[in-house]
> 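This structure is in structure tokens; I'll ask about it shortly.
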Amino acid sequence: MPHDPDPPPAKKFKPGKGNASTPIEVQRKQLPIYQAKPQLLNQLRQLNNAILIGETGSGKTTQIPQYLYEAGIGRQGIIAITQPRRVAAISLAGRVADEKRTQLGKLVGYTVRFEDITSSETKLRFMTDGMLLREAIGDPLLLRYSVVILDEAHERTVHTDVLFGVVKIAQRRRKELNKIPLKVLVMSATMDVDLFSEYFNKSPVLYLEGRQHPIQIYYTKQPQSDYLQAALVTIFQIHQEAPSSHDILVFMTGQEEIEALARTCRDIAKHLPDSCGPMVVIPLYASLPPVQQLRVFQPAPKGSRKVILSTNIAETSVTISGIKFVVDTGMVKAKRFNPDSGLEVLAVQRVSKAQAWQRAGRAGREDSGCCYRLYTEDEFDNLIPMTVPEIQRCNLAGVMLQLMALGIPDVTNFDFMSKPSPEAVSSAMEHLELLGAVQKKDGAVVLTALGKKMASFPLEPRYAKTILLSPEFSCSEEVISIVSLLSVDTVLYNPPARRDEVQAARKKFISSEGDHITLLHIYRAFKKVSGNKDWCRENFVNSRNMSLVKEVQAQLKEICLKLNLKLESCGANTENVRRCLAHGMFVNAAELQPDGTYLALDTHQPVAIHPSSVLFQAKPAYVVFNELLHTSRCYMRDLCLVDADWLLDAAPEYFGRKLHLTKS
DNA sequence: GAGCACTGC
């Protein structure tokens, strides 16, 4: 453990944050980027593409859009600034509107799902990358925009990666058609610029100075076989040696190990000598109720040390001030996708170098800091340089459908910055063909009328298909509700300590027809009491997610109306709903075998009913399911009881060709 | 008889 001298006094000025005593104009001029403004504008005026590399705190996201606007660059249209996250788009727009001393929604606005605070006056528009992508379906050339700034490009979300290609095509097409040129700026925090620059026709890279403070990195001398034990030891070494005002942020992999380590830390802290101050241990992960998440921002009582045990939510989404020490276990839980089996696996794995640097950076936001890596320098050197972009580890069916809807001629050869495997692409195309979204015509694959409608829903293709089928079964109201319920995080609240109470409360909603109908019963009951909060508490229903369901439902209904889809309810006849689900989800069907196990019908792999399903004790002959989850076994989640005949009816050729239904 | 990182339209 190093000697830790007293830190220099904290700097008064914090980039990107309001400071009551300093006028906004002065604050803006204090940002590191201000010095570079004249040269920057000079270059940006001439360039059609540029890659901007700026460290945290450079002020690039708030200042560059304003500089462009003030200099009259891109005045012919709107300047779009995309963000991977809603909260970022909203808060950045608020900040820039303040700086321009204008009301949000006038000159400066934001557009995220369910919320559009813009007007005809809006010239600086902050938006999620997903929203710009959706807009591109109606206007592939993005003609309203003169400048598109793709921020946080290093995060490489699916949406950003698809947008890279979309703006590149729009830029070229606009030039060919003699339209107003489109300027594309890519902003990234990491130095992995070659890929970006190469992709955008070797565009120039501009470096912006940041305000990051120095961080001392420490490695272990020996590889650690147990990173949790290593984390525990490191936390208490820091606790015994460093001033109590220095908070610790520990990066771990998931809820369970975080809660376990939190308990251990609290136990040990209780039995330490008085010379050690008290320790406040705070868990942080996404599924924690919002009130508990806010605890990480409260300063610990004087003399106490704050220790935050977090998942990678604290890497980007949640920024905590006052962190002096970062402890990095070097591990992360991440989803992987196998295109052959259609299986998603959530697995603990090593972080990338870029991720390790991102974690370390969380210690140096206000002042110099330390990062303890619980692995050796050799192990660090062997980490992969960058996290594999999401586009290379997800199901591509939705992406391919969206590209087709954008009118891109040969989607299987789309110019991705990082190409997904040909297997993943062809498996996505096969999936779309099965759903009837695309078909082969004269050797080419084209979007069908059905596929075009499917693309207008912000849903996975099979859910969109199920909704579009629902009028045939006179149950569109029910199917829209079910799809809405499935497209948010679970509405069921399951505190493990109160399992018996949960089971008792849920009993009255359970349907022998499966999880979908059970969810529908809960939703109907929720609506009957108009979303009463007490009702939600008593019935272990997450009222926040339920409210979200209502918003999704309203959006889906609006799309249905635009498509002239008949909205009607089947009332108590839920068999129709199951018929509809069978027709929409037939690719996710499973069949009971004579030995009591299940086989997935498309891949013939053995699957099991997840214990969380209401059908867990039952042995239905045929089910359709929402997803497969590979943990200790391969589990089907969210099941619906169906008839074999319905499946055959839904896809006679598919089941006749590939499968052997055991039913005689 | 299990257990789920994080976003987003």
Side-chain angles (χ1 to χ4, degrees), chain A residues 82-90 111-116 127-138 152 155-163 251-260 284-288 293 310-318 329 331-336 344-351 355 358 387 389-391 393-394 398-399 401-402 405 454-461 463-464 483-484 487-490 492 494-496 499 503 548 551-552 555-556 558-559 608-613 615-617 627-638:
Chain A
T82 70
Q83 295 291 321
R85 281 171 294 280
R86 292 167 56 95
V87 276
I90 295 169
T111 307
V112 298
R113 190 181 188 186
F114 307 130
E115 236 186 321
D116 182 14
M127 58 204 302
T128 44
D129 40 22
M131 280 308 285
L132 186 60
L133 204 51
R134 199 132 277 281
E135 211 181 310
I137 294 179
E152 309 282 11
E155 290 192 25
R156 303 295 305 275
T157 68
V158 172
H159 288 156
T160 313
D161 268 28
V162 177
L163 268 181
F251 282 103
M252 306 177 51
T253 71
Q255 172 175 350
E256 212 174 80
E257 71 178 29
I258 284 174
E259 292 292 356
L284 177 65
Y285 43 87
S287 62
L288 216 55
Q293 280 194 21
S310 175
T311 61
N312 42 355
I313 192 173
E315 269 172 31
T316 48
S317 304
V318 177
T329 60
M331 306 303 279
V332 65
K333 203 178 279 185
K335 206 174 243 180
R336 284 188 245 175
E344 291 181 329
V345 185
L346 198 60
V348 172
Q349 48 202 297
R350 287 187 181 275
V351 297
Q355 216 171 350
Q358 177 70 25
T387 309
E390 206 185 346
I391 194 93
R393 45 189 179 91
C394 76
V399 170
L401 182 64
Q402 211 156 19
M454 283 166 62
S456 55
F457 288 94
L459 294 170
E460 280 178 47
Y463 291 151
V483 168
S484 306
S487 55
V488 304
D489 285 338
T490 179
L492 308 177
N494 294 315
R499 233 180 63 169
Q503 276 187 349
L548 207 58
E551 286 197 274
V552 176
Q555 189 188 27
L556 298 181
E558 200 178 310
I559 296 167
I609 299 179
H610 195 276
S612 66
S613 171
L615 293 180
F616 180 66
Q617 311 275 9
E627 62 169 357
L628 285 179
L629 182 81
H630 193 102
T631 50
S632 57
R633 298 166 76 182
C634 190
Y635 285 107
M636 303 179 274
R637 288 206 310 188
D638 296 317

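Just so it is clear: chains get the letters A, B, ... in the order the sequence lines come, proteins before strands, and each one is counted from 1. Values below: all heavy atoms of this structure, side chains included; hydrogens, waters and symmetry mates excluded. In this text, all values refer to a predicted model and were calculated from it rather than measured experimentally.
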> If you check the A/R113 side chain, which of B/dC9, B/dG8, B/dA5 turns out closest?
B/dC9
> Return yes when atom CD of A/E256 has more than 12 non-hydrogen atoms of other residues, nucleotides or ligands closer than 6.0 Å, and no otherwise.
no
> List the residues meeting side chain to side chain donor-acceptor pair (under 3.5 Å) with A/R113, not counting sequence neighbours, and say none if there are none.
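Checked A/R113 against side chain to side chain donor-acceptor pair (under 3.5 Å); matches are A/Q555.
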> Of all residues at least two apart in sequence or in a different chain, which pass the side chain to side chain contact (heavy atoms under 4.5 Å, CB included) check with A/E551?
A/F114, A/L548
> Name the closest nucleotide to the A/R86 side chain, picking from B/dA5, B/dG8, B/dG1.
B/dG8
> Return yes if some donor-acceptor pair links the side-chain N/O of A/Q83 with the main-chain N/O of A/D129 below 3.5 Å, else return no.
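Between the backbone of A/D129 and the side chain of A/Q83 there is no qualifying donor-acceptor contact (under 3.5 Å).
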> Run the side chain to side chain contact (heavy atoms under 4.5 Å, CB included) test against A/Q503 and tell me which residues pass, sequence neighbours left out.
none
> So if I take every side-chain heavy atom of A/P611 and compare against B/dC6, B/dG8, B/dG1, which nucleotide ends up nearest?
B/dG1
> Taking atom P of B/dT7 as reference, at what distance in whole Å does atom CG of A/D489 sit?
9 Å
> Please identify each residue that fulfils side chain to side chain donor-acceptor pair (under 3.5 Å) with A/H610, with sequence neighbours left out.
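Counting only residues at least two positions away or on another chain, A/H610 forms a side chain to side chain donor-acceptor pair (under 3.5 Å) with A/S612.
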> In whole angstrom, give the distance that lies between atom CG of A/D129 and atom C1' of B/dT7.
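Whole-Å distance recorded here is 9 Å.
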> Of A/Q555 and A/E256, whose closest DNA chain B nucleotide lies nearer the 5' terminus?
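Whichever sits nearer the 5' end wins; that is A/E256.
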> Please determine, for the side chain of A/I313, which listed nucleotide (B/dG1, B/dA5, B/dT7) has the closest atom?
B/dT7
> Base, sugar-phosphate, or nothing for A/E155, non-hydrogen atoms under 4.0 angstrom?
nothing
> Classify A/T157 by what it touches in the nucleic acid, base, sugar-phosphate, or nothing, heavy-atom distance under 4.0 Å.
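The residue A/T157 makes no contact with any strand.
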> Not counting sequence neighbours, which residues clear side chain to side chain contact (heavy atoms under 4.5 Å, CB included) with A/T490? List them please.
A/L492
> Tell me which nucleotide among B/dA2, B/dT7, B/dA5 gets nearest to the side chain of A/H610.
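For the A/H610 side chain, the nearest candidate turns out to be B/dA2.
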> Measure from the side chain of A/H159, starting at C-beta and using heavy atoms only, and say which of B/dA2, B/dC6, B/dC9 lies closest.
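Closest of the options to the side chain of A/H159: B/dC9.
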> Mind checking A/Y635 for me? I need base, sugar-phosphate or nothing, with any heavy atom below 4.0 Å counting as a touch.
sugar-phosphate
> Separation of A/L548 atom CG from B/dG8 atom C1', in whole Å?
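It works out to 11 Å between those atoms.
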> Go nucleotide by nucleotide along DNA chain B from the 5' end; which of A/F457 and A/S287 gets its closest nucleotide reached first?
A/S287
> To the side chain of A/R85, which of B/dC9, B/dA5, B/dG8 is closest?
B/dG8
> For DNA chain B, which consecutive runs of 3 or more Watson-Crick or G-U pairs (each distance under 3.5 Å) count as stems?
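If one scans DNA chain B for consecutive Watson-Crick or G-U pairs, no stem of 3 or more turns up.
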